[in-house]
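Have a look at this one.
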Amino acid sequence: MTELGELKALVRRGPDPEATERQHAKGKLTARERIELLLDKGSFTEIEALRRHRATGFGLEAKRPHTDGVVTGWGTVEGRTVFVYAHDFRIFGGALGEAHAEKIHKTMDMALAAGAPLVSLNDGAGARIQEGVSALAGYGGIFRRNTRASGVIPQISVMLGPCAGGAAYSPALTDFVFAVRDISQMFITGPDVVQAVTGEQVSQNGLGGADVHGGVSGVAHFVYDDEQSCLAEVRYLLCLLPANNRELAPATHSEDPADRSGDALLDLVPADANRSYDIRAVIEELVDDGDLMEVHAAWAPNIVCALARLDGQTVGVVANQPRAMAGVLDIKASEKAARFVQFCDSFNIPLVTLVDVPGFLPGVDQEHEGIIRRGAKLLYAYCNATVPRISVVLRKAYGGAYIVMDSRSIGADIALAWPGNEIAVMGAEGAANVVFRREIAAAEDSDAMRARKIEEYRSELVHPYYAAERGLVDDVIDPRDTRAALIRSLAMLRTKDADLPRRKHGNPPQ
């Protein structure tokens, strides 16, 4: 027993005090320190702590540290089981070898069998070159398990160091990627290779740092300044999510009254459809205690995707952002929202869509880069979603973008609108110029004729009750009653039962 106690104490301390100091000198925590921050205090149960590799050659047989550079096991977050694996950069630079990979495989298999979320704390140097193809095969096993678990259990990747080459594909296969400024880097080929092949000079952070992936590539969903705040937000995200696709997200008791009037909404959203505003302020006014967790906040800012609670129940919110590009839908916004809708549908999270969209972004670049097929991803995601779906038109909803933003015609369970809504093929000004172009051109005073025809079109087809009269909107509501209307509708839809046609899987647009 004494020998066992000494051995386990050695494993917990790590291989070398100087290696720990070097890790701290970089502004980074050790693998075990990170796990302690992530999980409830004292809840971590480690598995295969005494595992050692069996590889030989290149001096490996003389260096066989316990854990083989990855700490694996399970614990709890707010009392709910969560599985975790964390690369230990102090051992082989966190590089993945055969034993290292088998520990991760086992943890992933246990998480899937138990129906519990999986969190990976990534801080590794890629495949262990000395072990050759065995290390590469280890990554293949991880990718296969990532894919099998997709839509079954939540998978969260936390980038806390380098992640290069094929290793970067595992985080890309998971549901959410967290990154920390100055210590997280992800790229398929590093700066040296880029310079050798293309002649471009770039730093590691400039090529694949946290802000690059948070705001340019869209690979990272959340970006933070330090590990402590990052891991605290991972804990918060886990509290919003169900353990698996057979459960509902945990409900909480909300002190925020369900029938609270949203008086501030009358001032937050200008009546003039051409004036911008921040849709985040609208969402904060609607959800419990104004608390929301925005996904991809810096990428495709013309649409907002967020997790929040309404009367204690987790919901996914998708909303056009008039403050950025007038809230139009473009390629990035469509792909961002489509992935979020698919995630919410996978894990039984109801969807609330706030619509204020002037259309799809026109332009040669958008057309040539595939706005048709890539914009269709959002349409496919909504049409395929079986969770409760509620849409609210706040102001304008024009053309195909109105249809795509979870309109009644593609399956929204409840469609609401504010009294200033303009649901139409296009704005009255543009429509009048097309429909009445001959009358306007022939008129002695073309400006006066144009103004008359704009008003005529607006009064006939763009008035706030046109869609309601045709059953495309269930009700036109006072904006101040929006929170109460959403909560009542979600309560009614909680037992919604909808089945898709039997099939192996769909073939969404790519």
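Below, each value reflects all heavy atoms present in this structure, side chains not excepted, and no hydrogens, waters or symmetry copies.
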Checking side-chain hydrogen bond (donor to acceptor under 3.5 Å, both in side chains) for the pair T81/T76: CA distance, chi angles, key distance, verdict? CA-CA 4 Å; T81 300; T76 60; over 6 Å; no
So, the side chain of S150 versus the backbone of N146: is there a donor-acceptor pair under 3.5 Å, distance only?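 The answer is no, because no donor-acceptor pair under 3.5 Å joins these two groups.
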Side chain proximity check, I477 to W418, heavy atoms < 4.5 angstrom: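 Contact flag for I477/W418 side chains = yes.
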Within the 4.5 Å heavy-atom criterion, are L241 and T314 side-chain neighbours or not?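 No, their side chains stay 4.5 Å or more apart.
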For D413 and R389, indicate whether the former's side chain and the latter's backbone hold a donor-acceptor pair under 3.5 Å.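 Yes, D413 side chain to R389 backbone: donor-acceptor pair under 3.5 Å.
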Face-on cation placement of R275 at Y277 ring, 6.0 Å and 45° thresholds: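 Because its charged atom misses either the 6.0 Å distance or the 45° angle limit, R275 does not stack over Y277.
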Working to the nearest 0.5 Å, report the span between CZ of R145 and OG of S170.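 Reported to 0.5 Å precision, the distance equals 11.5 Å.
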So, applying side chain to side chain contact (heavy atoms under 4.5 Å, CB included) with F340, which one of V317, I303, L307 is it?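 Exactly one option meets the side chain to side chain contact (heavy atoms under 4.5 Å, CB included) with F340, and it is L307.
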Could you give me the CA-CA distance, side-chain angles and deciding distance for D288 and Q313, then say whether side-chain hydrogen bond (donor to acceptor under 3.5 Å, both in side chains) is met? CA-CA 9 Å; D288 293 353; Q313 306 288 333; over 6 Å; no
Compare all side-chain heavy atoms of Q185 with those of M159 and state whether any distance is below 4.5 angstrom.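 Side chain of Q185 against side chain of M159, heavy atoms only: no contact under 4.5 Å found.
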Salt bridge (Lys or Arg N to Asp or Glu O under 4.0 Å) for R408 and D474? Distances and angles first, verdict last. CA-CA 9 Å; R408 162 54 63 79; D474 292 295; 2.3 Å; yes
Rounded to the nearest 0.5 Å, what separation is found between the CE atom of M293 and the CZ atom of R309?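 The CE atom of M293 sits 11.5 Å away from the CZ atom of R309.
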F176/F343 aromatic ring centres below 6.0 Å: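 Yes, the ring of F176 comes within the 6.0 Å limit of the ring of F343, centre to centre.
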Do any N or O atoms from the side chain of R483 and from the backbone of P257 form a donor-acceptor pair under 3.5 angstrom?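 Answer holds: yes.
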Should the pair K28 and F89 be classed as cation-pi, given the thresholds of under 6.0 Å to the six-membered ring centre and 45° from the axis?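 Yes; both conditions hold, so K28 lies above the ring face of F89.
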